[in-house]
Amino acid sequence: MKKRLLKTAIATALTVAFAAPAFANPFADVPQKHWAYDAVNKLAQAGIVGGYSDGTFKGDKTMTRYEMAQIVAKAMGKVSTVDQKVIVDKLAVEFSTELNSLGIKVDGIQKQLDNQIKFNGEARVQYDNATEDTTYRLRLGATGKVNDDTRINARLTTADANGIDKTSIDNLGSPIIDRFNVETKLAGVDAVLGKQDLKLGQGLLYNSYEVDGAAITGAKAKLSNVTLVYDNSGDTKVQAAEYKTQFYGTNLAADYLKLDNTGNTNEYAALSTDVNVFGKKVGAEYVRNTTQKANAYRIGTDILGAQVSYINYDANALPDQSGFNFAGATSTGFGSSSQADKGFQVTYGKNVAKNVNAVLDYKKLDKAGDQTKATVNIKF
């Protein structure tokens with residue numbers, strides 16, 4: 001095997017992945033003007049290649065597969081992200097025989113990745129024509145493994161007194177910890193303790209991913225098909241139960257939700273499913289506020305790459321935490337579930353570049369009117 005293969009398959013790909021800073025030239029026979037200088041230099045700084053005892057790299061020297069396997073083994077020890085794992089995993093498969101002979105198991109890559117702290121980030125820019133606001137949001141998250149059964153999750157989000165979205169990019173607020181929870185297993189039950197997201201069914205009843213203030217600070221426990229939720233920390237007390245199953249390939253969910261806001265209690269029941277109709281997956285959700293005796297339902301499917309939904313709801317059928325909201329209004333504002341309404345929603349999303357997604361969301365309701373949101377999401 002030629003070392004040219006190293007420079008193309010490893011030096012180029014792994015240099016981008018590991019992004020080690022460049023320092024002084026480590027090899028006398030790789031001048032700064034050489035086409036492979038940056039790649040070789042960064043690989044050396046990352047500890048993946050070491051060259052020879054005389055201080056040279058000998059890039060044109062033929063190497064054995066075992067020498068190549070040793071380089072792959074060093075790269076395995078540097079894996080810290082999913083993208084890096086994809087690159088190293090391909091090399092580990094290619095040199096699996098030599099790695100096993102060296103006592104290095106290929107499946108160790110995933111174990112190394114699981115044991116390391118993983119970081120992620122998200123930046124969002126959104127324009128809402130109903131409020132005529134452009135909002136900006138930055139999130140930074142981290143996950144750390146305590147043991148095989150326990151993980152800690154945390155997230156920082158830009159914030160101000162009015163919420164986590166800022167209307168001026170020049171005046172981003174101090175970040176707050178808006179998520180902090182522990183995932184663990186207690187007596188065979190999967191549990192999440194702390195501030196966390198909650199989505200019930202398909203989200204029409206409760207969806208903190210769509211409504212920023214809907215996160216709970218409490219406990220969520222899952223055993224088999226049943227999930228129980230309890231939050232007694234804030235002004236709004238949350239109790240919920242969900243049963244999920246599959247029936248002949250169809251997903252089914254039944255939910256119960258109780259919200260108690262300073263003595264004002266509302267109880268909800270919900271059903272959601274998805275079925276195939278002429279080769280199209282159709283999602284259907286039904287919510288009933290049993291306290292107010294009010295109903296809501298939504299039906300949606302994919303049409304020409306866009307998610308198209310029809311919604312119809314009675315007054316007070318949906319809580320503030322519902323995944324369907326109009327212009328960010330609450331249950332006391334215009335265009336919210338405090339008045340009956342019906343209409344359509346069309347959402348179209350497209351990946352415009354790697355880790356960059358653009359979404360256009362349009363709602364047209366009989367009473368509330370029109371709303372258009374344009375959003376760009378960047379993940380890193």
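Start at 1 with the first residue, then count along the sequence.
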Checklist line | Residues Leu198, Gln321; criterion side chain to side chain contact (heavy atoms under 4.5 Å, CB included); working and verdict | finding: CA-CA 10 Å; Leu198 175 63; Gln321 297 85 354; over 6 Å; no
Margin query: Glu210 vs Lys199, test: salt bridge (Lys or Arg N to Asp or Glu O under 4.0 Å). Steps then yes/no.
Written below: CA-CA 9 Å; Glu210 295 292 333; Lys199 179 181 179 180; over 6 Å; no
Item checked: Ser272 and Glu285: CA distance, side-chain angles, deciding distance, side chain to side chain donor-acceptor pair (under 3.5 Å) verdict -> CA-CA 4 Å; Ser272 59; Glu285 304 171 86; 5.6 Å; no
Item checked: CA sep, side-chain torsions, deciding dist, call: Lys195, Asn181, side chain to side chain contact (heavy atoms under 4.5 Å, CB included) -> CA-CA 5 Å; Lys195 194 161 188 179; Asn181 59 74; 5.8 Å; no
Next item on the list: Mind running side chain to side chain contact (heavy atoms under 4.5 Å, CB included) on Val238 and Leu257 for me, showing each step along the way?
Entry: CA-CA 7 Å; Val238 180; Leu257 173 66; 3.9 Å; yes
Margin query: Could you walk me through whether Arg179 and Asn153 satisfy the side chain to side chain contact (heavy atoms under 4.5 Å, CB included) test, starting with their C-alpha distance in whole Å, then the side-chain angles of each, then the deciding distance to 0.1 Å, before giving a yes or no?
Written below: CA-CA 7 Å; Arg179 298 292 185 275; Asn153 306 295; over 6 Å; no
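Contact check for Asn266 versus Gln292: side-chain heavy atoms found under the 4.5 Å cut-off. Contact annotation: the side chain of Tyr362 approaches that of Asp370 to within less than 4.5 Å [non-hydrogen atoms, C-beta and beyond]. Two residues are said to be in side-chain contact when any heavy atoms from C-beta on lie closer than 4.5 Å; Val229 and Asp231 fail this criterion. Residues Asn251 and Lys244 are not in side-chain contact: their nearest non-hydrogen atoms beyond the backbone lie 4.5 Å or more apart. Proximity of Phe119 to Leu140: side-chain heavy atoms (C-beta onward) are nowhere separated by under 4.5 Å. For the pair Phe324/Val287, no side-chain contact is recorded, criterion being any heavy-atom separation below 4.5 Å from C-beta on. A heavy-atom distance below 4.5 Å is not found between the side chains of Lys364 and Gln345. Gln371 is listed as a side-chain neighbour of Asn129, based on a closest heavy-atom distance under 4.5 Å.
Counted by atom type alone, Asp302 and Gln307 present zero donor-acceptor pairs between their side chains at under 3.5 Å. Defined by atom type and a distance below 3.5 Å, a donor-acceptor pair is missing between the side-chain atoms of Asp149 and Thr184. Side-chain contact, Asn377 with Arg124: no donor N or O sits under 3.5 Å from an acceptor N or O.
Sparse packing is recorded around CG of Asp235, with 12 or fewer heavy atoms of other residues, nucleotides or ligands lying under 6.0 Å away. Applying the 6.0 Å contact sphere to NZ of Lys280 captures more than 12 heavy atoms from other residues, nucleotides or ligands. The environment of Lys342 atom NZ is sparse: at most 12 non-hydrogen atoms of other residues, nucleotides or ligands sit within 6.0 angstrom. Dense packing is recorded around CD of Gln246, with more than 12 heavy atoms of other residues, nucleotides or ligands lying under 6.0 Å away.
In this structure, Lys220 NZ and Gln196 CD are separated by 4.5 Å, a value rounded to the nearest 0.5 Å. Going from atom CZ of Phe380 over to atom CD1 of Ile378 covers 8.5 Å, rounded to the nearest 0.5 Å. Residue Leu186 holds its CG atom at 6.5 Å from CG of Leu193, rounded to the nearest 0.5 Å. Rounding to the nearest 0.5 Å places CG of Leu259 at 12.0 Å from NZ of Lys237. Taking CD from Glu242 and CG from Leu205, the interatomic distance works out to 9.0 Å, rounded to the nearest 0.5 Å. Here the straight-line distance linking atom OG1 of Thr143 with atom NZ of Lys118 works out to 7.0 Å at 0.5 Å rounding.
Listed by first and then second residue, the ring-ring contact (aromatic ring centres under 6.0 Å, His included) pairs that reach into residues 255-282 come to none, sequence neighbours excluded.
Closest approach of Ala294 and Ala315 over heavy atoms only: CB-O, 3.4 Å. The minimum heavy-atom distance between Asn289 and Ala317, with the atom names listed, is CB-O, 3.9 Å. Nearest heavy-atom pair across Thr250 and Asp274 is CG2-O, 2.7 Å. Of all heavy-atom pairs between Ala154 and Phe180, the closest is CB-CD1, 3.7 Å. Taking each heavy atom of Arg298 and Gln202 in turn, the nearest pair found is NH2-O, 4.2 Å. Scanning all heavy atoms of the two residues, the minimum distance from Gly201 to Asp255 falls at N-OD2, 3.5 Å.
Residues Leu360 and Val352 are members of separate hydrophobic clusters, defined by side-chain heavy-atom contacts under 4.5 angstrom among Ile, Leu, Val, Met, Phe, Trp and Tyr. Note on Tyr348 and Leu304: separate hydrophobic clusters, where clusters join Ile, Leu, Val, Met, Phe, Trp and Tyr whose side-chain heavy atoms are under 4.5 Å apart, directly or indirectly. Hydrophobic clustering (ILVMFWY, side-chain heavy atoms < 4.5 Å, transitive): Leu365 and Leu318 are in one cluster. One hydrophobic cluster holds both Ile177 and Ile152 under the rule that ILVMFWY side chains link at heavy-atom gaps under 4.5 Å. There is a path of hydrophobic side-chain contacts, each under 4.5 Å, that joins Leu228 to Tyr243.
Salt-bridge annotation for Arg151 and Glu183: absent, with no side-chain N of the basic residue lying under 4.0 Å from a carboxylate O of the acidic one. At a threshold of 4.0 Å, the pair Asp178-Arg155 counts as salt-bridged, since one of the basic side-chain nitrogens sits closer than that to a carboxylate oxygen.
Within the 3.5 Å criterion, the main-chain N or O of Thr150 finds a donor-acceptor partner in the side chain of Asn147. For Thr227 (side chain) and Lys222 (main-chain N/O), no donor-acceptor pair under 3.5 Å exists by modelled atom type.
Under the ring-ring contact (aromatic ring centres under 6.0 Å, His included) criterion, Phe344 pairs with Tyr310, sequence neighbours left out.
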